[in-house]
Amino acid sequence: MQLYDTLTRGKQELPPPPAPVRMYFCGPTVYQRAHIGNARPYILGMWLRSWLRSRGYDVTLVHNITDINDRIYEAAPGASAELAARATQWYLEDTDLLGLGRPDALPKASEVVPQIVRFISDLIEGVHAYESEGDVYFRVASFPEYGRLSGQRPDQVEEQGPNARKDDPRDFALWKANKPDEDTWWDSPWGRGRPGWHIECSVMAEELLGPAFEIHGGGLDLVFPHHENELAQSRALGHDFAQIWTHNGLLRFTGSKMSKSEGNVVTIRDAIERWGRETVLVFFLTAHWSKPIDFSDETLVSAAARVDGFREVFRGPFQAAPARAWEGFEAALDDDFNTPDALAVMHGFGRDHELLRRALDVFGLASLAETAEAPSEIVELAKQRQEARAARDFDEADRLRTKIEAAGWEARDVADGFQLVPR
RNA sequence: GGCGCCGUGGCCGAGUGGCUAGGCAGAGGCCUGCAAAGCCUCGCACACCAGUUCGAUUCUGGUCGGCGCCUCCA
């Protein structure tokens, strides 16, 4: 099993099963309803866990929730904690709609503040951090490896606005002194304040997975500065931290990135309400996880057609796939979790219900194998239609078909009678 | 200014130094009372320009174009 790793810019091999695979995926900042782009790392994490477990790995997936952040203070002056709690609930509800279950742990930044304080204290004890008027900053110059993950050179990074508290404009905040309009804070050796953005992830990951773990995931837009800084903080303390960094491509919406600041947002709920959870999942399956993907009517319509196609397979007779067909599926996913390739293999399963069901199950799509039972009154109409056809009264047969269709079912003639399929 | 990703047939999208990706949409046919579903058949694909090579969509360099990041965006 290998995965593309941002740090080494190449595919990295995982040790063979049943080795432990500890995964940390960066989750959302909770201050409003999550958009469909936020779902990508969540879905990727859940799918990877599912696949690796079926391959015999001992998998632990941690997916964090950032509930301390400027955006939250801004969005709910005087009630930031309440908003964070509510938006956390929204996120859980919305991702639950995808039907993939939950990660093994969903830690929140606000629950690990004491550990964060300890982590920062350790950095100050070395040469890597310093206190300044109630803030604490990471000293980028103290860490020669800085920039390896993102390829950024600290001296080339765009000039920031002046901040007199920093020794060097490239330094980043580990702890921020409380401001008058910030209604949530914690006490610390440096006074009242709250953690900076990046430190929480280093702490939560190491808290739950240890100082060295296998996979760290998140959106491509987090490579710099977020993940670069996480890596710097942890390595500066001598921790190995993540071995493989998986960064998922971003969703595009009418050409540009879907993001809250662009205002071109479709929430997870909206997407599922409009397209259904299966179509949304298949949509994500159609592109490799590391590549950008366009959220458009065209791509979703195409995904919906594919969903119908899979459902159709289970309505027809069983026919065994060629020998070794499953191996192709395994090979596709073992090679950098190539879901578009796996999808092509799945189409090659033909009418082998068993194989297709097994494959769909990896992605939480086993529901596509379930065939719907028509209500008795519809079955009755279909029987009447069969009689009309037998009597060669085709006007009556077509009238009944129209009636069946109006009730949401499609009457098909098959060799030994009829078949009713939801429309 | 710096860093990174990407350009494949109408659309989506894998992949490979020479051997059919696949799906969606479309055209024709078989089947059907008519359909639907299914099955069969079909379409000069690899941004551009050089180079390496017996041979490049695949490697190298450049050009053009799209996208992302540059200290609180998944």
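So that the names make sense, note that chain A is the first sequence line, chain B the second, and so on, each numbered from 1. FYI, side chains are in, hydrogens and waters are out, and symmetry mates aren't considered; it's all heavy atoms of this structure.
Base engagement by A:Arg385 is indicated by at least one non-hydrogen atom pair under 4.0 Å involving a base atom. Among the atoms of the strands shown, none is found under 4.0 Å from any heavy atom of A:Gly217. Nucleic acid contact class of A:Arg351 (heavy atoms, under 4.0 Å, all strands): sugar-phosphate only. Using a 4.0 Å heavy-atom cutoff across all strands shown, A:His288 reaches sugar-phosphate atoms only and no base atom. At the heavy-atom level, A:Ala411 lies under 4.0 Å from base atoms of the strands shown. Counting any heavy atom pair closer than 4.0 Å across all strands shown, A:Gly151 reaches sugar-phosphate atoms only and no base atom. Among the protein residues, A:Arg153 comes within range of no part of the nucleic acid, since none of its heavy atoms lies under 4.0 Å from any strand. Counting any heavy atom pair closer than 4.0 Å across all strands shown, A:Arg315 reaches no nucleic acid atom. Looking at heavy-atom distances under 4.0 Å, A:Tyr91 makes no contact with the nucleic acid at all. Within 4.0 Å of A:Gly218, counting heavy atoms only, lie sugar-phosphate atoms of the nucleic acid but no base atom.
Checked against B:rG13, B:rA35, B:rG33, the side chain of A:Ala287 finds its nearest nucleotide in B:rG13. Of the candidate nucleotides B:rG68, B:rC69, B:rA35, B:rG68 has the atom lying nearest to any side-chain atom of A:Leu250. In the set B:rG23, B:rG33, B:rC70, the nucleotide with an atom closest to the side chain of A:Arg306 is B:rG23. Considering only the side chain of A:Asn338, B:rA14 comes nearest among B:rA37, B:rA14, B:rG38. When distances are taken from the side chain of A:Ala305 to each of B:rC24, B:rA74, B:rA14, the shortest belongs to B:rC24. Closest to the A:Gln152 side chain, of the nucleotides B:rA36, B:rG2, B:rG22, is B:rG2. In this structure, of B:rA14, B:rC69, B:rG33, it is B:rA14 that holds the atom nearest to the side chain of A:Pro340. Side-chain proximity of A:Arg9 to B:rG4, B:rA74, B:rA14: nearest is B:rG4. In this structure, of B:rG33, B:rA74, B:rA36, it is B:rA74 that holds the atom nearest to the side chain of A:Pro28. When the nucleotides B:rG33, B:rC73, B:rG23 are ranked by their closest atom to the side chain of A:Asp398, B:rG33 comes out on top.
Classification of A:Arg139 and A:Asp168 as a salt-bridged pair fails, no side-chain N sitting under 4.0 Å from a carboxylate O.
A centroid separation of less than 6.0 Å is found between the aromatic rings of A:Phe310 and A:His347. Between A:His247 and A:His227, the gap from one ring centroid to the other is short of 6.0 Å. Ring centroids of A:Trp51 and A:Phe329 are separated by less than 6.0 Å, placing the two rings close together.
Rounded to a whole angstrom, the distance from the P atom of B:rU58 to that of B:rG2 is 27 Å. The gap from the P atom of B:rU60 to that of B:rC5 amounts to 12 Å, rounded to the nearest Å. A gap of 14 Å separates the P atoms of B:rG10 and B:rG43, to the nearest Å. Taking atom C1' on both nucleotides, B:rG9 is separated from B:rA27 by 16 Å, rounded to a whole Å. Remark: the separation of the C1' atoms in B:rG13 and B:rA45 is 12 Å, to the nearest Å. When the P atom is used for both B:rC19 and B:rC69, the distance is 39 Å, rounded to whole Å. Comparing the same atom, C1', in B:rC70 and in B:rA14 gives a spacing of 32 Å after rounding to whole Å. For the C1' atom pair drawn from B:rC48 and B:rA56, the interatomic distance equals 15 Å after rounding to whole Å.
Rounded to whole Å, the distance from CZ on A:Arg170 to P on B:rC69 is 23 Å. For A:His227 and B:rA74, the NE2 to C1' distance is 9 Å, given to the nearest whole Å. Atom CZ in A:Arg399 sits about 21 Å away from atom P in B:rC34, given to the nearest Å. Rounded to whole Å, the distance from CH2 on A:Trp275 to P on B:rC12 is 15 Å. In this structure, A:Phe25 atom CZ and B:rA74 atom P are separated by 15 Å, rounded to whole Å. Rounded to whole angstrom, the span from the CZ atom of A:Phe284 across to the P atom of B:rG13 amounts to 13 Å. The interatomic distance linking A:Met346 (CE) with B:rA14 (P) rounds to 16 Å, in whole Å. Look at CZ on A:Phe337: it is 17 Å from C1' on B:rG13, rounded to the nearest Å.
Taking a pair to require two hydrogen-bonding distances under 3.5 Å in either a Watson-Crick or a G-U wobble arrangement, B:rC24 pairs with B:rG10. The partner of B:rA56, taking Watson-Crick or G-U wobble pairs whose two distances both stay under 3.5 Å, does not exist in any strand shown. Under the Watson-Crick or G-U wobble criterion, with both distances below 3.5 Å, B:rC5 is paired with B:rG66. Using N1 to N3 plus N6-O4 or O6-N4 for Watson-Crick, or N1-O2 and O6-N3 for G-U wobble, each under 3.5 Å, B:rC19 pairs with nothing. Under the Watson-Crick and G-U wobble criteria, each requiring two contacts below 3.5 Å, nucleotide B:rU32 is left unpaired.
For A:Thr286 and B:rG23, the shortest distance from a side-chain N or O to OP1 or OP2 is not below 4.0 Å.
Counting all heavy atoms, side chain and backbone alike, A:Asp167 lies closest to A:Tyr130 at N-OH, 2.8 Å.
Using a 4.5 Å heavy-atom threshold, the side chains of A:Trp47 and A:Trp289 count as separate. Taking the side chain as every heavy atom from C-beta outward, A:Asp5 and A:Thr246 never approach each other to under 4.5 Å.
Heavy-atom nearest nucleotides on RNA chain B were determined for A:Pro41 and for A:Tyr4, and the one closer to the 5' end corresponds to A:Tyr4. Position along RNA chain B of the nearest nucleotide to A:Pro225 versus A:Gly219 favours A:Pro225 as the more 5'-ward residue.
Side-chain to base pairing of A:Arg401 with B:rC34: one donor and one acceptor N or O lie within less than 3.5 Å of each other. Between the side chain of A:Asp70 and the base of B:rC73 there is no donor-acceptor pair of N/O atoms closer than 3.5 Å.
Between A:Gln233 and the options A:Asp122, A:Val203, A:Leu174, a side chain to side chain contact (heavy atoms under 4.5 Å, CB included) holds for only A:Leu174.
Side-chain atoms of A:Asp183 never come within 3.5 Å of backbone atoms of A:Pro77 as a donor-acceptor pair (strictly under, hydrogens ignored).
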